[in-house]
Amino acid sequence: MKLAITTLDGASAGEVELDDAIFGLEPRADILQRMVRWQLAKRQAGTHKVKNRGEIARTTKKVYRQKGTGNARHGSARVGQFRGGGRAFGPLVRSHAHDLPKKVRALALRHALSSKARTDALIVVDEIVAAEPKTKALVARFAKLDLTNALIIGGTELDANFKLASRAIPNIDVLPIQGINVYDILRREKLVLTKAAVYALEERFK
């Protein structure tokens, strides 16, 4: 498929041929869901922790006499029934990550790219550079392309001024091509790729 290339100022800059094996697939929601779930689980800290009864430091003296009180019999103040006691079956420090085949991950990225191309939410620009790190000027340039909620993918190296200027704009994410991922693509309304990013993706999936 062919797609017009534009500049950040809205001017035409030719066109590019997009590989149908990357941008022309029929998106599958199940593959995208598996990939997003894998990403979110992988980045979850898993540092939640409670103390069980073996980690509570309390007296080992019997709480009260065995018989005659009318209460249940207890021999430890560290059990979960008492205030200050340990918690039974509480969360422990662990990894939430699970396995997902590498081929499925690669396929999910292609499906995410295809979903943006199919809904006309894919924009290809010639380059992302800024003369000076001014957020206001960059917002005005984005307005010409109607970019209010977008993920922008550049080449292997991002322009320093562009990176600084875009950092304070809400709902705009800027990543190098190495950082492209399914979750960030799907969470933004539009996907903006530079020509360098398009060529890098085609080389990656070759």
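Position 1 is the first residue of the sequence; numbering continues from there.
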* Which is it for L8 and F162 under the side chain to side chain contact (heavy atoms under 4.5 Å, CB included) test, yes or no, and what are the steps along the way? -> CA-CA 11 Å; L8 284 179; F162 185 88; 3.6 Å; yes

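Here the OG1-CG distance, from T7 to L145, works out to 7.0 Å after rounding to the nearest 0.5 Å. For the atom pair CD1 (I152) and OG (S166), the distance works out to 6.5 Å, reported to the nearest 0.5 Å. Remark: I128 CD1 to K195 NZ distance equals 13.0 Å, nearest 0.5 Å. With rounding to the nearest 0.5 angstrom, the CZ atom of R204 is 7.0 Å from the CD1 atom of I180. Here the straight-line distance linking atom CD1 of I177 with atom OG1 of T194 works out to 7.0 Å at 0.5 Å rounding. Note: K190 NZ to L151 CG = 13.5 Å, rounded to the nearest 0.5 Å.
Taking 4.0 Å as the cut-off between side-chain N and carboxylate O, D173 and R187 count as a salt-bridged pair. The pair D9-R141 meets the salt-bridge criterion, with a side-chain N (NZ, NE, NH1 or NH2) lying under 4.0 Å from an Asp/Glu carboxylate O. Between E189 and K116 there is no salt bridge, since none of the side-chain N atoms of the basic residue sits less than 4.0 Å from a carboxylate O of the acidic one.
Side-chain contact check for L113 versus I185: some heavy-atom pair is nearer than 4.5 Å.
Classified by interplanar angle (parallel below 30°, tilted 30° to 60°, perpendicular above 60°), the ring pair H74/Y64 is perpendicular.
In this structure, N71 places its CG atom where more than 12 heavy-atom neighbours from other residues, nucleotides or ligands lie under 6.0 Å away.
A cation-pi geometry, defined here as NZ or CZ lying under 6.0 Å from the six-membered ring centre and within 45° of its normal, does not hold between R110 and F23.
By the side chain to side chain contact (heavy atoms under 4.5 Å, CB included) test, I56 pairs with K51, R58, R78, sequence neighbours left out.
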